[in-house]
Each structure stands twice: as structure tokens, then as C-alpha cells.
Number of protein chains: 2
Amino acid sequence: MSGRPTIVEVAAQAGVSIASVSRVLNGKSARSETQQRVRAAVTDLGYVPHATGRALKLGSTLQVAFAVDDVGNPVYTEMMQGVEDGLSGSGGRLLVASTGHDPTDLLALVHSLSRGYADALIISPLRRSPELVAALVALPVPVVVIGQLGDEVPLDVVRTDSRAGVILAHRHLLESGRRRIAFVNGPPDTAPGQARLEGFQEACAAAGLAGRIIQADGFTVTAGEAAWSQVESISPRGRPDAVIAANDLLAFGVMRGAASAGRRVPRQLAVVGIDDTQFARVFSPSLSSVSLGARERGRIAARLLLDRIAAPGIPFRTERVAPRLVVRESSAPLVALAPRPGVPSRPRTPRHPSIASSTSNRSRTS
Amino acid sequence: MSGRPTIVEVAAQAGVSIASVSRVLNGKSARSETQQRVRAAVTDLGYVPHATGRALKLGSTLQVAFAVDDVGNPVYTEMMQGVEDGLSGSGGRLLVASTGHDPTDLLALVHSLSRGYADALIISPLRRSPELVAALVALPVPVVVIGQLGDEVPLDVVRTDSRAGVILAHRHLLESGRRRIAFVNGPPDTAPGQARLEGFQEACAAAGLAGRIIQADGFTVTAGEAAWSQVESISPRGRPDAVIAANDLLAFGVMRGAASAGRRVPRQLAVVGIDDTQFARVFSPSLSSVSLGARERGRIAARLLLDRIAAPGIPFRTERVAPRLVVRESSAPLVALAPRPGVPSRPRTPRHPSIASSTSNRSRTS
DNA sequence: TTGTAGGCGTTATCAT
DNA sequence: ATGATAACGCCTACAA
């Protein structure tokens with residue numbers, strides 16, 4: 001009557017011991033009559049085993065925490081779906097610790113994890129402060145990091161190579177006939193901000209071009225819009241004819257800013273994003289973007305985690321997902337755009353059978 | 001050495017009893033010397049109280065579950081951020097149960113909640129099956145539902161009125177000079193699908209217009225694109241000049257489909273979405289949309305929950321958030337578009353000072 | 001096959 | 001102010 005029924009009451013009702021109840025419920029051997037009585041009592045009382053008791057005894061909660069800096073960024077939702085995919089069937093629940101943009105939050109969260117809320121942690125941090133790394137290593141549960149980490153850190157890691165991703169984008173823009181390529185970066189004190197900046201600089205050096213770098217103050221759409229207004233203030237002579245944005249949200253912001261200023265994409269400005277989020281192909285014009293396999297990285301992270309839980313002693317691994325350029329409308333080659341200057345409003349399918357098709361979903365791997 | 005330190009080891013190290021350790025850690029009175037010794041031992045051993053033990057004793061986990069059908073839909077991310085906002089400071093963690101699109105998942109999740117994983121549940125279900133409602137009511141923890149529920153269900157509810165939202169959108173399209181208004185709906189067996197359909201039918205009746213209804217098979221971008229191809233197959237004479245989509249994702253799909261078919265938005269086709277997700281203002285053209293206050297609903301849900309936890313006995317409440325039309329470019333009035341037919345590519349700011357501005361962020365409440 | 005009993009880590013009562 | 005001890009709900013040797 002008072003509160004939920006416990007195993008004791010079930011045992012009493014069934015006229016057996018609590019051990020028998022537990023056994024029946026966990027599929028251990030028991031006489032069929034005992035099983036009957038226990039099951040009857042269970043449905044009778046509406047008994048549901050309490051997770052906490054079990055967790056305390058077994059020492060595991062069957063919860064996996066997933067921590068990111070910004071759930072508002074679709075790339076993390078996709079990553080999370082990947083994690084869910086990879087976890088499905090393992091009987092675990094997902095504990096999502098999003099935390100706003102406060103950088104101390106992630107650290108606080110990691111610390112709170114050492115209270116045993118979760119059996120494991122998958123984390124994709126924007127910044128890798130020494131404190132964070134130390135906290136992760138000290139955690140009493142398995143940790144998988146999605147992102148770049150120092151080489152010698154004893155953790156399982158899922159990486160991609162966003163530096164190479166930027167280089168892919170740069171080469172593609174060169175091939176599509178652009179020469180004044182600018183880079184809109186997010187905060188350079190983040191791991192992706194740093195890697196992508198390096199990629200851009202390397203690409204520029206290789207091409208013998210001086211690429212302009214614009215700093216946005218976040219990886220958000222709004223930051224991208226603000227960054228665009230910086231571009232607009234550049235004298236027309238030096239104004240870029242192409243932009244690589246450090247992620248899709250920035251790219252969306254740039255495209256919106258450009259549209260508001262009356263600039264035509266891709267005719268006057270080519271744009272390439274990074275992450276290939278679900279909205280990249282939906283925008284008009286659709287956004288060319290470098291996929292970093294967010295969903296796959298999530299799935300792999302889950303797999304690494306399950307492997308480690310199964311065999312805690314195995315050596316730490318680093319898995320890699322290669323970046324993949326997905327060419328869409330926003331970076332259509334100039335040669336394809338030239339023939340029909342008078343009809344800009346038509347769908348921008350290039351009439352010229354050039355290397356890169358601007359059709360929605362073609363992709364090119366490198 | 002073996003595993004994490006427990007309160008027993010701390011007590012031994014400090015030379016006091018476990019009761020004293022517990023007291024010090026929970027801020028009960030203790031002699032200052034005792035406090036010193038305990039704190040020293042704690043830092044010394046790196047002791048962190050184990051959540052499971054505490055939960056078992058206290059009977060509460062400090063976890064709140066948030067369940068939705070599709071985390072891929074940004075409206076739910078926003079709702080979740082609202083929940084987080086509202087929960088912050090309460091010391092609770094958020095357990096996000098997303099579950100793919102399998103409708104049985106939500107039910108399974110709700111059942112699993114009765115295992116005591118969480119102290120409370122906030123749920124925003126697409127479909128309200130009798131089984132689900134029954135399971136929710138039977139749950140031994142407080143439940144707040146975001147969405148429509150039967151009137152007499154003994155639960156706290158946060159509602160909006162998406163039926164009225166559709167009517168807002170319809171009226172706005174009439175004012176912007178459209179007459180052949182179609183409605184792209186999601187599955188009609190969902191609560192929003194049903195309410196929005198009713199709203200459309202009511203609006204059509206009031207206007208004396210026969211509105212065409214197109215069924216999409218989901219609330220997704222892809223479903224919206226497919227729905228658009230149905231529209232394209234309509235004979236030119238009866239083809240709509242405006243579309244209300246049952247949510248933003250469908251609207252994005254429609255706009256993408258329309259763009260691929262060479263239709264111009266808003267000149268040839270006006271589009272209005274529902275939810276006013278973060279990408280509505282970013283798209284080109286930016287999407288007019290009816291905001292249902294997802295973030296605010298999340299915040300309110302959290303508040304209702306905290307109130308109920310504080311005082312379990314209080315009567316159940318239903319809070320309402322009014323829909324709010326946000327007018328943007330995708331539904332610019334025809335009169336504003338007419339004057340300059342030769343320059344369609346310029347930003348679509350209307351030259352005519354009409355009722356509804358098409359500037360990005362203006363909103364009109366009703 | 002079944003029951004008894006101990007323990008997982010914590011908090012809280014009740015003596016001292 | 002402090003310590004011994006009993007729960008909390010469950011699982012699992014071990015003994016019968």
C-alpha cells in the first residue's frame with residue numbers, strides 16, 4: 001500500500017524467499033511452479049525491480065553519459081544519434097549532459113561523473129584544457145573522447161582530420177575557379193578552431209595565395225553573420241570570391257549575411273562549410289560541406305566503449321574517420337555559371353558537364 | 001588501492017566514525033577538529049560520495065528524464081534547453097531519452113522509468129495512445145506533459161494552441177494576397193497533425209476557400225520534399241500560391257522542393273512554417289513561421305515539475321503558451337513584390353510600407 | 001531447487 | 001558531538 005512494492009513483498013505474496021524471486025526474475029533455474037507463483041505475485045502487485053538497489057549491488061548503473069558543449073549545434077545531435085545507434089542493444093541508457101556554453105560546465109560535469117552516475121562517458125569537448133584532460137584520465141569509469149587529444153593520453157579516442165578537411169575544401173574552391181579565398185574561423189582556442197586554421201594556412205601556402213582570415217566569436221550562425229559584415233567592410237578590390245567556414249553554422253550565417261547584402265551565392269561568392277549537417281543539403285543554395293562523419297564517429301565511440309567495458313585491460317585505441325567533401329550548389333564552378341548570365345533566377349544546375357556536379361547529393365572522397 | 005574509496009576508508013583514515021564523515025560532508029554540526037580531519041582524509045584519498053548509495057538510502061536519484069520522439073528535430077533541442085534552464089539550480093541532471101522514430105520506444109521508456117532511474121519525467125509525445133496515457137498516469141514519479149492530452153488526465157500539462165497557430169498563418173497569407181492556400185500536414189494520427197489540420201480546415205471555412213491538403217509521411221525535411229512533388233503534379237490552374245507546413249522541417253522540405261523545380265519563393269509561392277526553429281530566420285528566403293514557444297514551454301514544464309516535487313499534493317495545472325506569428329521573407333505580400341519584376345534577385349525587402357514587414361525578425365502577436 | 005544471510009555505500013536514528 | 005547500528009532494495013554465495 002505504501003509506495004512501491006519491493007522484492008520482499010513479492011516473496012511474501014508468492015510464499016517463497018526473496019532469493020527465489022530474484023532468481024526467477026533474472027532467468028536462473030527454478031521449479032516451474034515457483035516461477036508461476038512468482039510471476040503471479042509480480043503482476044499482482046505490479047512489482048518492478050528498483051534500479052538503484054540493483055546498481056548498488058552490481059556496481060554499475062547501465063547509464064552512459066554523453067557530454068558536449070552545445071546541443072544547439074545539429075552536428076552534436078547527429079553524433080548523439082550515432083552513439084545511440086552504437087549503444088542500442090547493450091541495454092544502456094543515454095545521459096545527455098549538454099550544458100550551455102559555459103566552459104566550466106563540462107569540467108563540473110566530468111567531476112560529477114565520478115559520483116558514479118554513469119558507467120562510462122563519451123565526450124566531445126571543444127577545448128582541451130589540461131584540467132579537463134586530467135579530470136578525464138582520473139575518472140573511475142571508461143572514457144571515450146571524440147576529438148583531438150594529446151597523443152599520449154591514455155584514453156580511447158575517435159578522431160577525424162579537420163585540418164585535411166579544410167585543405168579539401170580549399171582545393172575544391174581553386175578547381176571551381178576561385179582565387180580570393182577567405183576563411184571564417186571560430187574561436188582559435190578550441191581544438192577545431194586551431195586545426196582548421198592550420199589547414200587553411202597550409203592550403204594557402206601550397207597554393208601560393210594569401211588567404212584572409214576572419215575571426216568569428218563562436219561556432220554559431222549569429223557569429224557567422226557578424227563575420228560576414230567584416231568581409232563587407234573590405235575594399236571591393238580585395239573582397240573574397242569564396243569563403244570556407246569553420247563549420248556549417250558559421251557558413252549559414254555567412255550565407256545569410258551575404259544574401260542580406262545582396263551578394264549572390266555561388267555566382268559572386270562561393271561558400272563551403274564543415275560538418276555536413278542535415279541542413280546543408282536543404283539550404284538554398286544548398287551548402288557544399290566537408291563531412292566529418294559525426295554520426296559515424298558517435299557510433300564508433302560507442303563501440304570503443306562497449307569493447308572497453310567488456311575487456312577493461314585492452315590497450316587504448318584511436319580510430320579515425322576521414323573527411324569527405326560533399327559538393328553542392330554553393331560552390332558551383334564559375335565556368336558552369338558563366339554561359340547564362342541573364343537568367344540568374346533559374347535553378348543553378350550547371351549546363352556545362354564540369355568536374356564537380358552541383359546536384360544535391362554528389363560527394364567526392366579524398 | 002582497489003577501486004574507489006568508500007566512506008568507511010575515509011572514516012578509518014580520519015580516525016572517526018562513518019557517521020561523522022557523513023555529517024561533515026552534509027554540513028551537519030561537528031566539532032571543527034573533526035571537520036578538519038575528515039576533510040583532510042577526503043582530499044587525501046580522493047573520496048567522492050557514491051551517488052547510488054545515496055540514492056538507495058534517500059530514495060531519489062536527482063535525475064529528470066526528458067523524452068521526445070525525435071531529437072533530430074531542432075524544436076525539441078530548443079525545448080530541452082528550456083527544460084535545462086528551468087531546472088538549473090535545482091541540482092538535477094537531465095536524462096535525455098530520445099529514441100528514434102519507433103513509436104513503441106517511448107512507451108518502453110516510460111515503463112523503464114518505473115524502475116526508478118529518474119525522479120521525474122518531462123515528456124512531449126507526438127502520439128497520445130491510451131497505453132501511453134495509462135502508463136504515464138501509473139508512473140510512481142511526477143510527470144509533466146508538453147502537448148495536448150485528454151482534459152481529465154491527472155497530470156501537469158504545458159500546452160500551446162497550434163490549431164490557432166495555423167489560423168494565424170492562414171489569415172496572414174490572405175492578407176499577403178494569396179488565395180490558393182495549401183496545407184502540408186504531417187501524420188494526422190499525431191496530436192499536432194490533428195490539431196493543425198483542424199485549424200486549417202476551420203480557417204478555410206471561415207475564408208470561404210477550398211484549401212488543398214497534402215499528406216506528408218512524417219514531420220521531416222524529406223517528407224516535405226516528397227510532399228512538394230505531389231503539389232507539382234497538380235494542374236497549373238489549381239496549383240497553390242501558398243503553403244502552410246505543419247512544422248518548419250516540412251516547410252524547409254517544401255522550399256527545397258520548390259527551389260529545385262524552379263519556383264520562386266515568395267514571388268510564386270509563399271511558405272509559412274510552424275515552430276519557428278532557429279533555422280527559420282537563417283534560410284534564404286527566411287521562413288515565416290508560427291512560434292509555439294518551445295523553449296518557454298520547456299522552462300514552464302521544469303517549473304511545474306519543481307513545484308510538484310516541492311508540494312506533491314497540489315492540484316494539477318495546465319499552463320498555456322500562445323502561438324505567435326513571426327513574419328519573414330517567405331511570405332512577403334504580393335503587392336510589395338510587384339513593383340520591380342525585373343530585379344528578382346535583390347534582397348526581398350518590400351518597397352511598399354505594408355502591414356507586414358518582411359524584415360528578418362519582426363513578429364506579430366495575436 | 002530453495003532459503004538464509006551478508007553486503008554493496010550511504011544516511012539517519014539512538015544511545016552515549 | 002560522536003559512534004554503533006539499522007535500514008534502503010537488490011543479488012548471490014553458501015548451506016540445506
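Numbers restart at 1 for each chain; the letters A, B, ... are given by sequence-line order, proteins then strands.
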* To do: Indicate, with a heavy-atom threshold strictly under 4.0 Å, whether B:Val16 touches base, sugar-phosphate, or nothing.
  => sugar-phosphate
* Asked: Mapping B:Gln35 and A:Ile18 to their closest nucleotides on DNA chain D, which lands nearer the 5' end?
  -> B:Gln35
* For the residue pair A:Asp119 and A:Gln63, confirm or rule out a side-chain donor-acceptor distance under 3.5 Å. => no
* To do: Would you confirm whether A:Ser22, through its side chain, and A:Ala19, through its main-chain N or O, come within 3.5 Å as a donor-acceptor pair?
  => no
* Is B:Arg297 salt-bridged to B:Glu319, going by a charged N under 4.0 Å from an acidic O? -> no
* Are B:Arg159 and B:Val321 close enough that some pair of their side-chain heavy atoms sits under 4.5 Å apart? -> no
* Could you list by number each residue of residues 37-45 of chain A showing a heavy-atom separation from DNA chain C of less than 4.0 Å, or answer none if no residue does? => none
* Can you check whether A:Gln81 reaches A:Arg295 side chain to side chain, under 4.5 Å on heavy atoms? -> yes
* Contact list for DNA chain D against residues 25-33 of chain B - heavy-atom distance below 4.0 Å -> B:Ser29, B:Ala30, B:Arg31
* Within the distance-only criterion (no hydrogens, no angle test), does the side chain of B:Arg4 pair as donor or acceptor with the backbone N or O of B:Tyr47 below 3.5 angstrom? -> no
* Are A:Arg93 and B:Tyr117 in a cation-pi setup, meaning NZ or CZ lies under 6.0 angstrom from the ring centre and within 45 degrees of the ring axis? -> yes
* Scan side-chain atoms only and decide if A:Gln194 and A:Gln148 contain a donor-acceptor pair under the 3.5 Å cut-off. => no
* **Set of residues satisfying side chain to side chain contact (heavy atoms under 4.5 Å, CB included) with respect to A:Ala301, sequence neighbours excluded** => A:Ile122, A:Val144, A:Ile146, A:Val158
* Does any non-hydrogen side-chain atom of B:Thr34 lie less than 4.5 Å from one of B:Arg31? -> yes
* Would you say the side chain of B:Glu84 lies within less than 4.5 Å of the side chain of B:Phe66, judging by non-hydrogen atoms? -> no
* Asked: Going by heavy atoms in the side chains, are B:Arg127 and B:Pro125 under 4.5 Å from each other?
  -> no
* Asked: Is any side-chain heavy atom of B:Arg317 less than 4.5 Å from a side-chain heavy atom of B:Asp307?
  -> yes
* Residue B:Asn26 excluded, over 12 heavy atoms near CG under 6.0 Å -> yes
* What bend angle does the helix from C:dT1-D:dA16 to C:dT16-D:dA1 show across its length, from five-pair end axes and to the nearest 10 degrees? -> 40°
* Would you name the heavy atoms of B:Val153 and B:Val137 that are closest together and state the gap between them? => CG1-CG2, 3.8 Å
* To do: Calculate the interatomic distance between B:Arg23 atom CZ and C:dA12 atom P; express it in whole Å.
  => 11 Å
* **Outermost nucleotides of DNA chain D that come under 4.0 Å of a non-hydrogen atom of chain B** => D:dA1 to D:dG9
* Is there a donor on the side chain of B:Arg4 or the base of C:dG9 sitting less than 3.5 Å from an acceptor on the other? -> no
* Structure fact -> Note: contacts of residues 52-65 of chain A with DNA chain C (heavy atom, under 4.0 Å) are A:Leu56, A:Lys57
